[in-house]
Engineer: 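Quick one: the structure is below, and I'll ask about it shortly.
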Amino acid sequence: MILDETPLFEPRLLEELDWSQNMVSFCPTISPVCPGEGLILRPLCTADFNRGFYQVLCQLTKVGDVTQEQFIKKFDHMKKTGDYFVTVVEDLNLGQIVATATLIVEHKFIHGCAKRGRIEEVVVSDECRGKQLGKLLLSVLTLLSKKLDCYKVTLECKPKNIPFYEKFGYSASDEAYMQSRFCD
Ligand SMILES: CC(C)(COP(=O)(O)OP(=O)(O)OC[C@H]1O[C@@H](n2cnc3c(N)ncnc32)[C@H](O)[C@@H]1OP(=O)(O)O)[C@@H](O)C(=O)NCCC(=O)NCCS
């Protein structure tokens, strides 16, 4: 199994977003096509396995001991469904992933067979925080969920991060988040 540059989803989806609908301000100005000097915002590819993708994710949660084979299998599954939009920011000078966030599109029978977006795994590597990359990823995936005709987009976050997400028009719901964990 070989790692390569095949994108998880069509890069055009990110390039063609209507950035004028973005709800937050960026100073200095950045955008999906110009995320900052030496940076590129793009879909995940399997070659990112060796560009520190997991090192960024492990700053958010436990990632486990994932082999290259497991990673490629999971990537192929996600690509086949067409509903996973794992987006990364790469520092081209370092050849390293410095930030990532994921949009998942869920299909419903309700709301006229609608689609709902979920944003997950938003993380910026600690040395790159405060450079607007978290804001950029959130803006991009929120706009992408709209472009993909989701009737709503949701996310779960720690209470300390609520003010961050409010910037993009998210508001706390009165529904409780319930879970039953089967392992750590
Ligand atoms: C939360 C996180 C993604 C933010 O990314 P970032 O690149 O550091 O933030 P940005 O530079 O894009 O954001 C800057 C803006 O958000 C604000 N901000 C950043 N983190 C914030 C937080 N936790 N709460 C409130 N505001 C926050 C900044 O004050 C700044 O505001 P401004 O634009 O009005 O000046 C990042 O800190 C991170 O990866 N944290 C660890 C993982 C995590 O908690 N992920 C979220 C899971 S729910």
Side-chain angles (χ1 to χ4, degrees), residues 8 13-15 17-44 48-49 51-64 66 71 74 78 83-106 116-146 150 152-181 183-184:
L8 180 62
L13 285 172
L14 301 176
E15 291 153 16
L17 287 174
D18 181 0
W19 197 234
S20 69
Q21 286 186 29
N22 157 51
M23 292 182 69
V24 292
S25 59
F26 290 89
C27 183
T29 307
I30 57 170
S31 69
V33 285
C34 298
E37 212 188 315
L39 300 176
I40 183 171
L41 180 136
R42 57 169 176 76
L44 180 76
D48 294 333
F49 184 76
R51 293 191 184 116
F53 177 59
Y54 272 101
Q55 282 82 340
V56 176
L57 282 178
C58 77
Q59 294 182 27
L60 177 70
T61 189
K62 289 179 190 167
V63 295
V66 178
F71 177 70
K74 189 64 77 175
M78 290 183 182
D83 294 323
Y84 288 82
F85 301 86
V86 184
T87 303
V88 295
V89 178
E90 180 188 355
D91 181 323
L92 293 167
N93 297 319
L94 301 175
Q96 289 291 302
I97 301 304
V98 293
T100 181
T102 295
L103 168 70
I104 302 155
V105 174
E106 202 175 271
R116 172 220 181 126
R118 288 181 186 273
I119 290 182
E120 303 261 30
E121 282 107 39
V122 180
V123 56
V124 177
S125 71
D126 44 16
E127 65 273 21
C128 289
R129 288 188 195 155
K131 294 183 177 172
Q132 308 190 96
L133 296 180
K135 267 190 345 189
L136 180 66
L137 282 164
L138 237 293
S139 300
V140 162
L141 294 188
T142 305
L143 288 178
L144 181 58
S145 66
K146 202 171 167 192
C150 292
K152 71 173 179 183
V153 57
T154 64
L155 55 85
E156 286 127 29
C157 73
K158 298 207 173 83
K160 73 175 170 81
N161 286 333
I162 290 175
F164 176 72
Y165 293 109
E166 283 176 338
K167 289 178 192 295
F168 310 89
Y170 291 79
S171 56
S173 138
D174 54 6
E175 286 173 27
Y177 168 59
M178 309 274 288
Q179 63 170 333
S180 175
R181 288 188 88 99
C183 53
D184 277 347

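Numbers for residues simply follow the sequence, beginning at 1. In what follows, every heavy atom counts, from backbone to side chain, and hydrogens, waters and symmetry copies are set aside. Whatever order the structure lists ligands and atoms in, that order sets their numbers, starting from 1.
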Engineer: Report the nearest protein non-hydrogen atom to atom 21 (C) of ligand 1: residue, atom name, distance rounded to 0.1 Å.
Structural biologist: Phe164 CB, 3.8 Å
Engineer: Near Gly130, which atoms of ligand 1 are under 4.0 Å from a heavy atom of that residue?
Structural biologist: 6 (P), 7 (O), 8 (O), 11 (O)
Engineer: Can you check whether Leu103 reaches Val153 side chain to side chain, under 4.5 Å on heavy atoms?
Structural biologist: yes
Engineer: Using a 3.5 Å cut-off on N or O atoms only, is Leu136 in polar contact with ligand 1?
Structural biologist: no
Engineer: Are the side chains of Val122 and Leu60 in touch, meaning some heavy atoms are under 4.5 Å apart?
Structural biologist: no
Engineer: Once the angle between the rings of Tyr170 and Phe168 is folded into 0 to 90°, is it parallel (under 30°), tilted (30 to 60°) or perpendicular (over 60°)?
Structural biologist: perpendicular
Engineer: Hey, looking at atom 14 (C) of ligand 1, which of Arg129, Lys135, Glu120, Glu166 has the closest heavy atom?
Structural biologist: Lys135
Engineer: In the complex you have, is atom 2 (C) of ligand 1 within reach of the protein, judged by whether a heavy-atom distance drops under 4.0 Å?
Structural biologist: no
Engineer: With heavy-atom distances below 4.0 Å as the criterion, list the atoms of ligand 1 near Lys160.
Structural biologist: 23 (N), 24 (N)
Engineer: Where do Pro35 and Leu39 come nearest, in terms of heavy atoms and distance?
Structural biologist: CG-O, 3.4 Å
Engineer: When only distance counts, is Asn161 in polar contact with ligand 1, meaning an N/O pair under 3.5 Å?
Structural biologist: yes
Engineer: Within 4.0 Å of atom 35 (O) of ligand 1 (strictly less), any protein heavy atom?
Structural biologist: no
Engineer: On the 0 to 90° scale, with breaks at 30° and 60°, tag the Phe53-Phe71 ring pair as parallel, tilted or perpendicular.
Structural biologist: tilted
Engineer: At less than 4.0 angstrom from any non-hydrogen atom of Gly134, what atoms of ligand 1 do you find?
Structural biologist: 5 (O), 6 (P), 7 (O), 12 (O)
Engineer: Heavy-atom distance under 4.5 Å between the side chains of Asp18 and Leu143, does that happen here?
Structural biologist: no
Engineer: With a 4.0 Å cut-off on heavy atoms, is Phe26 in contact with ligand 1?
Structural biologist: no
Engineer: Hey, what do you get for CG (Leu141) to CD1 (Ile119), rounding to the nearest 0.5 Å?
Structural biologist: 5.0 Å
Engineer: Is the backbone N or O of Ser25 less than 3.5 Å from a side-chain atom of Lys135, with the two atoms forming a donor-acceptor pair by type?
Structural biologist: yes
Engineer: With nothing but distance in play, are any N or O atoms of Cys128 less than 3.5 Å from an N or O of ligand 1?
Structural biologist: no
Engineer: I want to confirm something. Looking only at heavy atoms, which of Lys167, Gln59, Lys158 is nearest to atom 17 (C) of ligand 1?
Structural biologist: Lys167
Engineer: Which atom names give the shortest non-hydrogen contact between Ser139 and Asn22, and what distance separates them?
Structural biologist: OG-OD1, 3.2 Å
Engineer: Output yes when Asp126 and Arg129 qualify as a salt bridge under the 4.0 Å nitrogen-oxygen rule, no when they do not.
Structural biologist: no
Engineer: Once you round to the nearest 0.5 Å, how far does CD of Glu90 lie from CG of Leu44?
Structural biologist: 11.0 Å
Engineer: Mind checking whether Leu60 contacts ligand 1 via backbone (N, CA, C, O), side chain (CB onward), both or neither, at a 4.0 Å heavy-atom cut-off?
Structural biologist: side chain
Engineer: If you take the nearest heavy atom of each of Gln132, Glu121, Glu156, which one is closest to atom 11 (O) of ligand 1?
Structural biologist: Gln132
Engineer: Within the protein, is there a heavy atom lying under 4.0 Å from atom 28 (C) of ligand 1?
Structural biologist: no
Engineer: Counting each atom of ligand 1 from 1 as listed, which ones have a heavy atom of Lys131 under 4.0 Å away?
Structural biologist: 11 (O)
Engineer: Using a strict 4.0 Å cut-off to heavy atoms of Cys157, name the atoms of ligand 1 that fall inside it.
Structural biologist: 48 (S)
Engineer: Any atoms of ligand 1 less than 4.0 Å from a non-hydrogen atom of Val123? List them with their elements.
Structural biologist: 39 (O)
Engineer: Look at the side chain of Gln132 and the backbone N and O of Cys27, then say whether any donor-acceptor pair between them is shorter than 3.5 Å.
Structural biologist: yes
Engineer: With only distance considered, is Pro163 within less than 3.5 Å of ligand 1 through an N or O on each side?
Structural biologist: no
